[in-house]
There are 4 protein chains.
Amino acid sequence: MGTPQQEPQSQAQPRRSDTRRRIQQVALELFAEQGYEKTSLREIAERLDVTKAALYYHFKTKEDILSSIAEDLARPMRELIAWAEGQPHSLATKQEILRRYSDILWGSVDLFRFIQENQATVRELTVGENFRSSMKALGELIKDPSAPIAAQVRSVTALFSMHAGMFVTQNVEGDPEEKRAAILEVALDLVAQAETSVLTG
Amino acid sequence: MGTPQQEPQSQAQPRRSDTRRRIQQVALELFAEQGYEKTSLREIAERLDVTKAALYYHFKTKEDILSSIAEDLARPMRELIAWAEGQPHSLATKQEILRRYSDILWGSVDLFRFIQENQATVRELTVGENFRSSMKALGELIKDPSAPIAAQVRSVTALFSMHAGMFVTQNVEGDPEEKRAAILEVALDLVAQAETSVLTG
Amino acid sequence: MGTPQQEPQSQAQPRRSDTRRRIQQVALELFAEQGYEKTSLREIAERLDVTKAALYYHFKTKEDILSSIAEDLARPMRELIAWAEGQPHSLATKQEILRRYSDILWGSVDLFRFIQENQATVRELTVGENFRSSMKALGELIKDPSAPIAAQVRSVTALFSMHAGMFVTQNVEGDPEEKRAAILEVALDLVAQAETSVLTG
Amino acid sequence: MGTPQQEPQSQAQPRRSDTRRRIQQVALELFAEQGYEKTSLREIAERLDVTKAALYYHFKTKEDILSSIAEDLARPMRELIAWAEGQPHSLATKQEILRRYSDILWGSVDLFRFIQENQATVRELTVGENFRSSMKALGELIKDPSAPIAAQVRSVTALFSMHAGMFVTQNVEGDPEEKRAAILEVALDLVAQAETSVLTG
DNA sequence: AATGAATGAGGCTTCATTCAT
DNA sequence: GATGAATGAAGCCTCATTCAT
């Protein structure tokens with residue numbers, strides 16, 4: 001056909017040059033380190049020892065590089081939402097959402113951190129829009145719009161406490177796995193308390 | 001050459017230059033709306049109907065504009081930290097920290113949101129460094145390094161739950177004041193639980 | 001206010017730097033010599049011994065440079081059309097149109113030649129659209145839509161014979177003024193014949 | 001090695017490569033529509049659903065594609081000139097030149113229009129040089145260098161009135177064939193008048 | 001208290017072209 | 001009879017900043 005620039009369909013051809021993948025890797029590293037705007041294509045190209053034009057063989061635009069990377073986060077998010085929409089709105093479901101969300105986050109921690117730290121930039125990119133709408137959907141699934149405000153805030157905080165966790169625990173000593181578990185637990189507690197406060201409040 | 005660019009010395013002449021203030025206002029608006037990098041001095045100048053050069057009469061650099069704005073947040077933060085350092089590390093103190101922090105945040109909500117959404121950019125600016133170190137100091141004051149990890153995470157989450165609150169509650173219906181109170185309450189609860197879990201855990 | 005980039009209103013300020021005018025001059029020279037696309041802003045800037053960025057102080061885009069130049073032709077064209085629309089559709093009027101058109105053309109001969117030779121490029125620029133619609137208007141004024149096709153063709157040919165004249169007479173020897181007069185005369189003859197053929201045909 | 005890129009040797013194998021022809025077709029379409037410079041090889045390739053590299057199998061350069069297309073016009077022009085050079089310089093010959101020229105023009109109307117609208121570009125390409133020299137030769141054959149300037153202008157105008165006709169008659173209503181005939185007639189008249197004016201002037 | 005004019009650096013993107021396979 | 005991958009050159013444009021007035 002011509003130029004690539006699409007996601008490799010299915011199991012891809014054998015060794016179709018791994019440059020595409022290398023670009024994504026290096027780009028994510030630099031985006032995460034310095035921010036999206038401050039990372040130039042020149043820099044990415046230099047780090048890979050190719051020319052800027054080579055990047056354009058593999059991706060249509062700078063944003064396209066980012067979009068392609070962001071799929072790693074966007075896809076599991078979509079899947080999580082799809083799954084959750086098929087479940088009862090029970091506490092058990094909500095807690096399972098948090099568990100799965102935790103896995104997703106820690107599975108793409110660099111990418112996620114990048115999105116967090118570049119929200120202003122990413123906001124008007126497709127990537128940002130997608131992420132925002134995913135978060136909104138998740139919010140709807142975890143809170144009960146008929147509950148008192150305090151309970152709703154608690155639920156939503158559960159979700160976001162896991163974001164905060166990723167940043168904040170840099171200042172807390174301890175085994176990473178243990179911290180991660182602690183963060184999740186705080187979140188699980190919060191939804192549980194939200195539920196309870198509805199009943200007893 | 002006798003240009004200003006210093007902090008207005010206290011209450012000097014009341015009308016010392018209203019342009020300076022207008023620049024800060026417009027700049028914050030634009031920074032918050034579009035991000036720091038994507039806001040050019042040209043844009044700011046145009047919005048004010050002055051030339052770019054005029055901005056340089058009032059501020060040494062672009063970063064300088066931001067720094068001057070950020071003082072609104074940085075000063076109260078310093079004050080809060082100074083106050084807290086003189087208090088006992090009791091639960092009551094921690095909760096008062098959260099209450100005061102809440103006031104500070106909602107008092108500069110636009111600026112704060114801006115910093116949150118431009119972390120990658122702001123990170124290597126003085127503004128960002130200051131903010132990070134303030135947050136770190138606050139973290140130290142609110143958590144007990146000898147407590148179990150779960151308790152520490154809970155404490156730190158208390159702090160950050162208030163950040164999340166500012167963004168998240170856009171999707172929760174209800175009176176702003178009520179939401180704000182709910183957010184604070186969740187935070188107060190979290191520190192309280194941290195304390196308890198230490199005792200009972 | 002800020003940057004210029006508008007036509008100097010009325011009789012302009014004294015010596016507001018003639019760079020703007022120099023840019024226009026050099027640009028027209030180069031556009032005419034090499035074509036619009038093949039002339040880069042780098043070239044124009046180098047020829048003027050300024051930086052590319054200086055061009056952008058005076059003009060918003062490359063196209064803007066061209067547009068500003070083209071006003072020299074566009075304004076008199078608009079005036080001619082406005083005038084003609086207020087006249088009776090007589091042969092005398094049509095011949096006067098041709099005379100005035102001749103003056104306009106020879107008054108901006110380089111610009112006109114440029115537009116002729118860069119039609120494909122200029123077509124989707126404001127400049128080109130304007131020129132096309134002016135020519136169309138002039139066409140309507142010079143031909144009689146109820147006349148036989150042959151007559152209409154003759155009229156329209158009168159108009160365009162003057163364009164051709166500008167290029168073609170490079171291969172005809174003789175005094176420029178005399179050639180110019182000859183070209184106009186052929187055109188005047190053509191409208192006259194168009195009229196006659198209607199009557200007698 | 002062993003690639004084609006030569007003119008198809010006469011009737012060789014009938015199906016020697018239909019891609020070559022398709023490239024020429026699509027290229028002409030795009031060149032005519034958007035101009036030579038603004039049409040990229042990428043565009044041509046995409047429209048044909050082949051890669052850019054494929055174009056280079058069939059043609060040495062972008063210009064080469066154009067040159068190969070232009071032969072359609074260049075060959076008949078050469079033939080016309082060769083024929084005319086063997087004829088007496090009579091009015092009948094001149095009129096026959098115009099008739100044949102009309103046929104050539106309308107036989108390659110898209111290509112011709114393209115050359116007209118891209119003169120600046122084409123000027124320094126072989127294609128343009130050829131065309132210019134053909135026009136010059138035709139000019140010499142149709143005018144009498146010893147005639148008064150007015151007569152010479154009239155003759156040359158005859159030739160170019162047919163170019164103008166191709167563009168201009170878009171705004172004249174009527175059957176295409178009839179218009180075409182009218183255009184030719186105006187041209188034939190013009191040479192005739194040129195002759196007469198010599199005799200009677 | 002501000003403007004007019006300009007600069008140097010660098011950004012993203014596109015293009016014609018090449019060459020090994 | 002083509003593709004995949006890449007290059008080098010260049011394009012237009014924008015930005016923060018400077019400085020004489």
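These values consider heavy atoms only, across backbone and side chains, with no hydrogens, waters or symmetry-generated copies. Reminder, nothing fancy here: chain letters follow the sequence lines and each chain counts from 1.
Atom-to-atom, CD of D:E43 to P of E:dC15 comes out at 7 Å; the value is rounded to the nearest Å. The CG atom of A:L55 sits 16 Å away from the C1' atom of E:dC15 (whole-angstrom rounding). Rounded to a whole Å, the CG atom of C:L66 is 15 Å from the C1' atom of F:dC12. Remark: P of E:dA6 and OH of B:Y56 are 19 Å apart, rounded to the nearest angstrom. Taking atom CD1 of D:I23 as the reference point, atom P of F:dG1 lies 12 Å away to the nearest angstrom. Rounded to whole Å, the distance from CD1 on A:I44 to P on E:dT13 is 11 Å. If you take CD of C:E63 and P of F:dG11, they are 18 Å apart, rounded to a whole angstrom. Between B:L30 atom CG and F:dA16 atom P the separation is 12 Å, expressed in whole Å.
A salt bridge is absent between B:K38 and B:E43; no separation between the charged side-chain nitrogens and carboxylate oxygens falls under 4.0 Å. A salt bridge links D:E46 with D:R42: the distance from a Lys NZ or Arg NE/NH1/NH2 to an Asp or Glu carboxylate oxygen falls below 4.0 Å. Under 4.0 Å is where a charged nitrogen must lie from a carboxylate oxygen, and between B:R132 and A:E117 at least one such pair does. One finds no salt bridge joining C:R123 and C:E129 here, because no Lys/Arg side-chain nitrogen approaches an Asp/Glu carboxylate oxygen to under 4.0 Å.
Among E:dT7, E:dA5, E:dC12, the nucleotide with an atom closest to any side-chain atom of A:K62 is E:dC12. Of the candidate nucleotides E:dT7, F:dA6, E:dA2, E:dA2 has the atom lying nearest to any side-chain atom of B:A54. Among the nucleotides E:dT3, F:dC15, E:dA6, the one closest to the side chain of B:T51 is E:dT3. Comparing E:dA16, E:dT13, E:dA6 by their closest approach to the side chain of A:L41 singles out E:dT13. The side chain of C:A53 sits closest to E:dG8 out of E:dG8, F:dT3, E:dA5.
Shown here, E:dC15 forms a base pair with F:dG8; the pair counts as Watson-Crick or G-U wobble because both key distances fall under 3.5 Å. Pairing of F:dA20, defined by two Watson-Crick or G-U wobble distances under 3.5 Å, is identified with E:dT3.
Side chain of B:T39 to main chain of B:Q34: no donor-acceptor pair is present (N/O by atom type, distance under 3.5 Å, no hydrogens or angles).
Phosphate proximity of F:dA6 to A:H58: present, with a side-chain N or O under 4.0 Å from OP1 or OP2. Close to E:dC12, at under 4.0 Å from its OP1 or OP2, lies no side-chain N or O of A:R42. Neither OP1 nor OP2 of F:dT14 sits under 4.0 Å from any side-chain N or O of B:S40. In this model, the phosphate group of F:dA5 is approached by a side-chain N or O of A:Y57 to a distance below 4.0 Å at OP1 or OP2. Between C:T19 and E:dA6, a side-chain N or O to OP1/OP2 separation shorter than 4.0 Å is present.
Nearest-nucleotide assignment on DNA chain E puts the 5′-proximal partner with C:V50, out of A:T61 and C:V50. Place C:E37 and B:T39 on DNA chain F by their nearest nucleotides, and C:E37 ends up nearer the 5' end.
The base of F:dT7 does not come close enough to the side chain of A:K52 for any donor and acceptor atom to sit less than 3.5 Å apart.
Looking at B:Q24 and B:S68, their side chains do bring a donor and an acceptor atom within 3.5 Å of each other.
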